[in-house]
Amino acid sequence: MNLMFFVNSILFGFGLAMDAFSVSVANGLSEPKMRRRKAVTIAGTFAFFQCVMPLIGWAAVHFVVSYFKKVEPFIPYVALILLLYIGGKMVYESILSKGEEEKAALGAGTLFVQGIATSIDALSVGFTTQSYGLTDAFISALIIGVVTFGVCVAGIKIGKVFGDRFSSRATLLGGIVLIGIGIEIFIKGVFF
C-alpha cells in the first residue's frame, strides 16, 4: 500500500457516494425532524452497502468472473427500477396527502432497497481493483464505506434544513430526486 492507494480509495468513495448523498438529501427532505439515531442508521446502511459491493465485485473477478460479466449489463436497469419504484411511491403519497402534514415512511425495507439501488454500481469498483490482494481490497472497501458515511450524514443534514423550509412539498421533491437519480444511473450505465 502506498499514498496513491489511499487517494484512489478516497476518490472511489466520493465518486460512489454521490448517489447515496442525493438519496440522503431526499430522505432528509422528506423527514426534516429526523432524529440523529435514524440519520446515523441511514448513513450507516449506505456506507455498509458501498463497502460490501466492491468486495463482492472483487470476489466475483477472482472466483466467478463469467457469471458477473453476464449480469453487469443489467445493473443500470435494476437501479432504475428500484429508484423509480421508491421515488414514484413518494410522489404518489405526496399527491394523495394534498398538503396535509406528511409523515415519512422510510422503513427498513425501503432503506434496504435504497442501499442496494445506490450501491449496485460499486460492484464495478471491485472489477477495477482485481489486482489488489484480499487485505488491500478490504481496506479500500472500508475507506469507501467511511467516506460514504460522512457524505451521507452531510446529505441528510442538508435535506433536513431544506425539508424544514419546504415541508409541504418535501416528499414530492424527494421522490422526484430519487426518480432523477435512477434515470441518471441508467443513462450512465447504458449509454456511457
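- Scanning both residues, A122 and M53, for their nearest heavy atoms gives CB-CB, 3.7 Å.
- Under the 4.5 Å side-chain criterion, counting only non-hydrogen atoms from C-beta, F49 is in contact with I116.
- Hydrophobic clustering keeps V146 apart from V40 (ILVMFWY residues linked when any side-chain heavy atoms are closer than 4.5 Å, directly or through intermediates).
- Among residues two or more places apart in sequence or in another chain, the side-chain contact (heavy atoms from CB on, under 4.5 Å) test is passed with F6 by M1, I139, I143.
- The hydrophobic cluster containing L55 also includes F138, L142, under a criterion of side-chain heavy atoms closer than 4.5 Å among ILVMFWY residues, counted directly or through chains of members.
- Scanning all heavy atoms of the two residues, the minimum distance from G88 to I179 falls at N-CD1, 3.8 Å.
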Can you list, pair by pair, the side-chain donor-acceptor contacts under 3.5 Å of residues 79-87, counting residues two or more places apart and other chains?
none

For residues 9-17, which side-chain donor-acceptor pairs fall under 3.5 Å, sequence neighbours excluded?
{"residue": "S9", "atom": "OG", "partner": "F5", "partner atom": "O", "Å": "2.9"}
{"residue": "S9", "atom": "OG", "partner": "S140", "partner atom": "OG", "Å": "3.0"}

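- Contacts of F21 classified as side-chain contact (heavy atoms from CB on, under 4.5 Å), with partners at least two apart in sequence or in another chain: V25, V151, I158.
- Taken together through direct or relayed side-chain contacts under 4.5 Å among Ile, Leu, Val, Met, Phe, Trp and Tyr, V7 and V147 form parts of separate hydrophobic clusters.
- Between S24 and I156 the shortest side-chain heavy-atom distance falls below 4.5 Å.
- Applying the salt bridge (Lys or Arg N to Asp or Glu O under 4.0 Å) test to every pair with at least one member in residues 14-25, sequence neighbours left out, gives no pairs at all.
- Listed by first and then second residue, the salt bridge (Lys or Arg N to Asp or Glu O under 4.0 Å) pairs involving residues 127-147 amount to none (not counting sequence neighbours).
- Remark: K160 NZ to R36 CZ distance equals 8.0 Å, nearest 0.5 Å.
- Without hydrogens or angle criteria, W58 side chain to A141 main chain gives no donor-acceptor distance under 3.5 Å.
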Please report, to 0.1 Å, the donor-acceptor pairs under 3.5 Å made by any side chain of residues 182-192, with sequence neighbours excluded.
{"residue": "E184", "atom": "OE2", "partner": "K188", "partner atom": "NZ", "Å": "3.0"}

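- The hydrophobic clustering, which links ILVMFWY residues whose side-chain heavy atoms are closer than 4.5 Å, places F162 and V153 apart.
- Scored by the side-chain contact (heavy atoms from CB on, under 4.5 Å) test, A20 finds F46, Q50, T118, T148, C152 as partners (sequence neighbours excluded).
- The distance from the NZ atom of K38 to the CG atom of N27 is 8.0 Å, given to the nearest 0.5 Å.
- Residues F149 and V52 are members of separate hydrophobic clusters, defined by side-chain heavy-atom contacts under 4.5 angstrom among Ile, Leu, Val, Met, Phe, Trp and Tyr.
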